[in-house]
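Right, one structure below, let's go through it.
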Amino acid sequence: MWRTAANAFRPSSCTSPPTLPRTISQYKSLVTLLRPQIIDKRNMKLSLSTVTFLALAGSANAFSPAVRYAGARSLSAAALFGVSTQQAGETATESFRLQFKNDEGVISPWHDIPLKGEKGYNMVVEIPKMTKAKMEIATKEESNPIAQDVKKGKLRDYHGPIFWNYGCLPQTWEDPNEEHPELKVFGDNDPIDVVEIGSKSLAMGSVTEVKPLGVLAMIDDGELDWKVLAVAVDDPLAEEYNDIDDVPKAIQDGIREWFRWYKTPDDKPLNGFGFDEKYLNAAESEKVIQETHEAWKKLKAGETEAGKLWIN
């Protein structure tokens, strides 16, 4: 079974868009594979078939092919804000940085790009869909470039490709000093994450306007790590999807299960989810985004302890 499903999700080539899970049946296959048999109940590891599927599913290159697939409104920062991106360091090394600049010099994609655009929220794309490199805005580095996460001296990659575009909303912050009143956990000290489910692969470093559809309260290592489910405002699906109930259940489940299991090959426990593992709706996601925006404003104003974060 996993061989058939792996082929369904495999990118066709580097010169054309990846073959992605688009039908309900394909997403159901993904969800089935992400609910593996437990081969080690004590350590809660993924089954061999699931790990094999993730490896065979293939991936595009996070550093270049995604640019070829980017759509009309998956624009470079330059097209939106008079900002350009510039690579420093060698691709796929610890020295790699994707810096953001304007006419006056280097800027921060976290602090200097506005939260809202003309038609939606601005998403800074860190990881294009169907890639594996764990890229992220470096919140503790000067000007917050995009870099590949490093753990124990090694570049961090997912064990299989992520099936959606992944990034964050600028000018937001999940405050590690603030306990959620219902979930009783604290923020993870990062901008709020976005999972964009549209049909295009969005380039790393691009700024794309998105429409929030819902939000999932993931609990990762005891910290609250919100995942906003969204769609690019210019994507054809944006005409169909306006709230979480418009998103097929198989897609909702596929995203949740991917984030539940993705760390287990590294002997990490399963991630959990608040609110009975249900997505909050679009209206609630707007409230969560606004709360994280208010937290960011306090951080930027010096009203909250920044610790090692770079906020100048």
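The structure displayed is predicted, hence computed values, not measured ones. When a residue number appears, it is its place in the shown sequence, counting from 1.
- Judged purely by atom type and a 3.5 angstrom limit, His111 uses its side chain to pair as donor or acceptor with the backbone of Trp310.
- Follow the hydrophobic side-chain contacts under 4.5 Å out from Leu280 and you reach Ile219 in the same cluster.
- Closest non-hydrogen pair, Glu277 versus Leu216, comes out as O-CD1, 4.0 Å.
- For the pair Asp235 (side chain) and Val231 (backbone), a donor-acceptor distance under 3.5 Å is absent.
- In terms of modelled atom types and a separation under 3.5 Å, the side chain of Lys119 and the main chain of Val233 share no donor-acceptor contact.
- When hydrophobic clusters are built by joining Ile, Leu, Val, Met, Phe, Trp and Tyr residues whose side-chain heavy atoms come closer than 4.5 Å, directly or via intermediates, Ile107 is grouped together with Leu309.
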Quiz item: Going through the distances and angles, do Asp149 and Arg156 end up as a salt bridge (Lys or Arg N to Asp or Glu O under 4.0 Å)?
Solution: CA-CA 5 Å; Asp149 190 22; Arg156 187 177 171 197; 3.1 Å; yes
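- Within the model, atoms CH2 of Trp258 and CG of Asn271 stand 10.0 Å from one another, a figure rounded to the nearest 0.5 Å.
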Practice problem: Start with the C-alpha distance between Asp266 and His159, add both sets of side-chain angles, then the distance that settles side-chain contact (heavy atoms from CB on, under 4.5 Å), and finish with yes or no. | Solution: CA-CA 9 Å; Asp266 294 319; His159 290 269; 2.9 Å; yes
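- Among residue pairs with one or both ends in residues 299-310, none qualify as salt bridge (Lys or Arg N to Asp or Glu O under 4.0 Å); sequence neighbours excluded.
- Note that the NZ atom of Lys211 and the CG atom of Asp234 stand 11.0 Å from one another [nearest 0.5 Å].
- The environment of CG in Asp221 is sparse: at most 12 heavy-atom neighbours from other residues, nucleotides or ligands sit within 6.0 Å.
- The salt bridge (Lys or Arg N to Asp or Glu O under 4.0 Å) pairs that include a residue from residues 174-188 number zero, where partners must be two or more places apart or lie in different chains.
- A donor-acceptor contact closer than 3.5 angstrom links the side chains of Tyr121 and Glu286.
- Annotation: the span from Ile197 atom CD1 to Lys129 atom NZ amounts to 9.0 Å, rounded to 0.5 Å.
- Counting Ile, Leu, Val, Met, Phe, Trp and Tyr side chains that sit under 4.5 Å apart, directly or through other members, Leu155 shares a hydrophobic cluster with Val150.
- For the residue pair Val83 and Phe100, the shortest heavy atom distance occurs at CG1-CB, 4.2 Å.
- Closest heavy-atom contact between Pro212 and Val228: CB-CG1, 4.0 Å.
- The backbone N or O of Ile192 sits less than 3.5 Å from a side-chain atom of Thr172, completing a donor-acceptor pair.
- The salt bridge (Lys or Arg N to Asp or Glu O under 4.0 Å) pairs that include a residue from residues 95-109 are Arg97-Glu141, where partners are two or more places apart or lie in different chains.
- Both Met130 and Leu237 are members of a single hydrophobic cluster when ILVMFWY side chains are connected at heavy-atom separations under 4.5 Å.
- A distance-only check finds a donor-acceptor pair linking the side chain of Asn144 to the backbone of Ala138 [under 3.5 Å].
- Residues Cys168 and Ile137 approach most closely at SG-CD1, 3.5 Å, considering heavy atoms.
- Tyr241 places no side-chain N or O within 3.5 Å of a backbone atom of Leu213 that could act as its donor or acceptor partner.
- The shortest side-chain heavy-atom distance between Val215 and Tyr279 does not fall under the 4.5 Å cut-off.
- With Phe96 as the fixed residue, the side chain to side chain contact (heavy atoms under 4.5 Å, CB included) test singles out one of Gln148, Glu90, Met135: Met135.
- Judged by distance alone, the side chain of Gln87 and the main-chain N or O of Gly89 form a donor-acceptor pair under 3.5 Å.
- Minimum heavy-atom separation, Val194 to Ala230: CG1-CB, 3.9 Å.
- The only option from Tyr262, Tyr158, Phe259 that meets the ring-ring contact (aromatic ring centres under 6.0 Å, His included) definition with Tyr166 turns out to be Phe259.
- Legend: residues meeting salt bridge (Lys or Arg N to Asp or Glu O under 4.0 Å) with Asp225, ordered by chain and number and at least two apart, are Lys227.
- Residues Phe163 and Ile255 form no side-chain contact, since every pair of their non-hydrogen atoms from C-beta on lies 4.5 Å or further apart.
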Quiz item: side chain to side chain donor-acceptor pair (under 3.5 Å) between Trp173 and Asn189: does it pass, once the steps are laid out?
Solution: CA-CA 6 Å; Trp173 182 51; Asn189 204 29; 3.1 Å; yes
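- For Gln86 (side chain) and Gln99 (main-chain N/O), no donor-acceptor pair under 3.5 Å exists by modelled atom type.
- Looking at Asn165, its side chain never comes within 3.5 Å of a backbone N or O of Pro128 through a donor-acceptor pair.
- Looking at heavy atoms from C-beta onward, Ile244 lies out of side-chain contact with Lys278 at the 4.5 angstrom threshold.
- Val125 pairs with exactly one of Thr208, Val210, Ile146 by the side chain to side chain contact (heavy atoms under 4.5 Å, CB included) rule, that one being Thr208.
- For Asp220, the salt bridge (Lys or Arg N to Asp or Glu O under 4.0 Å) partners at least two apart in sequence or on another chain are Lys263.
- The nearest pair of heavy atoms linking Arg256 to Phe273 is O-CZ, 3.4 Å.
- Here the side chains of Glu284 and Lys287 are in contact, with some heavy-atom distance below 4.5 Å.
- A 6.0 Å sphere centred on CD of Glu239 holds no more than 12 heavy atoms belonging to other residues, nucleotides or ligands.
- Ile113 and Val106 fall into different hydrophobic clusters, defined by Ile, Leu, Val, Met, Phe, Trp and Tyr side-chain heavy atoms under 4.5 Å apart, directly or through other members.
- A distance-only check finds no donor-acceptor pair linking the side chain of Glu223 to the backbone of Pro176 [under 3.5 Å].
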